[in-house]
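The first residue in the sequence is number 1, and the count goes up from there.
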Amino acid sequence: MDDKNMFAFCIPLIAREKSKNWQRVLDNLQATLQSMLNQIDKNFVVYIATNDEIELQEAHDPRVFLVPVPPIEMPLIAEKEYNKSNYDANAKRVLLTEKAYANNAPYIMYCDADDLVSNTLVQFVRQNPHPNGYAIRHGYVMDYNSGKRLPCPSNYINLSFDRFCGTSIILARTDENSMRSNWPFGERIVNDHSRIREVLSDAGRPLMDIQHPSVVYILNSGENLSYHSTNGSDRIEHADRVISRIKTYGSPLSPSLLKEFGLA
């Protein structure tokens with residue numbers, strides 16, 4: 001399969017040596033890939049930046065490409081201002097962007113390896129072209145252990161989805177700009193996905209809002225980025241509050257949602 005000119009899902013995968021439970025990482029990634037491969041519109045590819053072999057059937061699908069990660073030298077600023085897990089993930093996102101740009105991907109979506117995407121997402125983007133890209137404003141937040149979920153935003157999660165979940169921004173390729181300007185913003189903004197829509201708007205590149213709940217953000221999987229953070233106590237505390245609300249007020253995914261997100 002020729003992967004040129006395809007919508008690109010881009011996944012920076014944690015290294016096996018840095019994971020707490022590699023089998024759980026693979027289980028999470030498998031569900032994520034199943035949701036992507038479930039797309040109604042088949043004009044897409046999946047790039048995974050990985051330090052390791054991935055022993056999953058889905059990883060051998062012709063639409064899935066493994067992008068080997070060279071040794072990443074962490075600059076001093078990363079040691080001082082960011083934790084190592086965040087810097088590793090951001091370096092992988094830049095690598096994925098370079099791969100997608102080399103293959104003329106018109107749209108690039110950065111995805112965590114434990115979230116799920118709606119099977120309508122690529123179809124929506126291709127049917128509603130936008131020169132700058134998209135921000136997913138509505139989604140679901142699901143507790144890994146209970147299997148319950150809540151809409152986001154809602155009475156219990158008072159945040160726009162793109163302010164809460166990193167799997168929420170789709171950037172359009174901009175030929176007049178370099179790759180570096182399209183994985184934009186400098187390291188501090190790259191490290192804070194919640195500000196991407198705001199920064200692009202201020203730069204005169206506003207994103208189109210996607211109102212359909214198009215992503216399931218998985219919390220409490222044991223491999224979320226914040227749980228690997230050495231200085232992310234506020235994020236962990238917030239996530240724990242949300243998980244408590246989900247367990248109390250949430251409900252399981254319905255049969256139709258299980259089908260939409262590739263779980264049925």
Dump the intermediate steps for side-chain hydrogen bond (donor to acceptor under 3.5 Å, both in side chains) on S146 and D143, then the final yes or no.
CA-CA 6 Å; S146 69; D143 169 46; 2.7 Å; yes

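In the model, Q123 has no side-chain atom that pairs as donor or acceptor with a side-chain atom of Q39 under 3.5 Å. Residues N220 and K247 bring no donor and acceptor atom of their side chains to less than 3.5 Å of each other. Judged purely by distance below 3.5 Å, without hydrogens or angles, the side chains of S168 and Y217 never pair a donor atom with an acceptor atom. Between the side chains of N38 and Q34, no donor-acceptor pair is found at a separation under 3.5 Å. The closest side-chain donor-acceptor pair between E55 and H60, if any, does not fall under 3.5 angstrom.
For R16, there are no salt bridge (charged side-chain N to carboxylate O under 4.0 Å, His left out) partners two or more places apart in sequence or in a different chain.
Note that R173 lies in the cation-pi zone of Y101, set by a 6.0 Å cut-off to the ring centre and a 45° limit from the axis.
Between F9 and Y47, the distance separating the two ring centers is not shorter than 6.0 angstrom. Aromatic ring centres of Y107 and F44 lie farther apart than the 6.0 Å criterion allows.
With a 4.5 Å cut-off on side-chain heavy atoms, I196 and I169 count as touching. Counting only heavy atoms from C-beta outward, the side chains of F261 and N119 never approach each other to under 4.5 Å. Residues Y144 and N28 have side chains in contact (heavy-atom distance under 4.5 Å, counting atoms from C-beta outward).
Looking only at distances, no side-chain donor or acceptor of R149 sits under 3.5 Å from a matching main-chain atom of G250. Without hydrogens or angle criteria, Y156 side chain to C152 main chain gives no donor-acceptor distance under 3.5 Å.
Looking at V67, D112, V46 one by one, the single match for side-chain contact (heavy atoms from CB on, under 4.5 Å) with I11 turns out to be V46.
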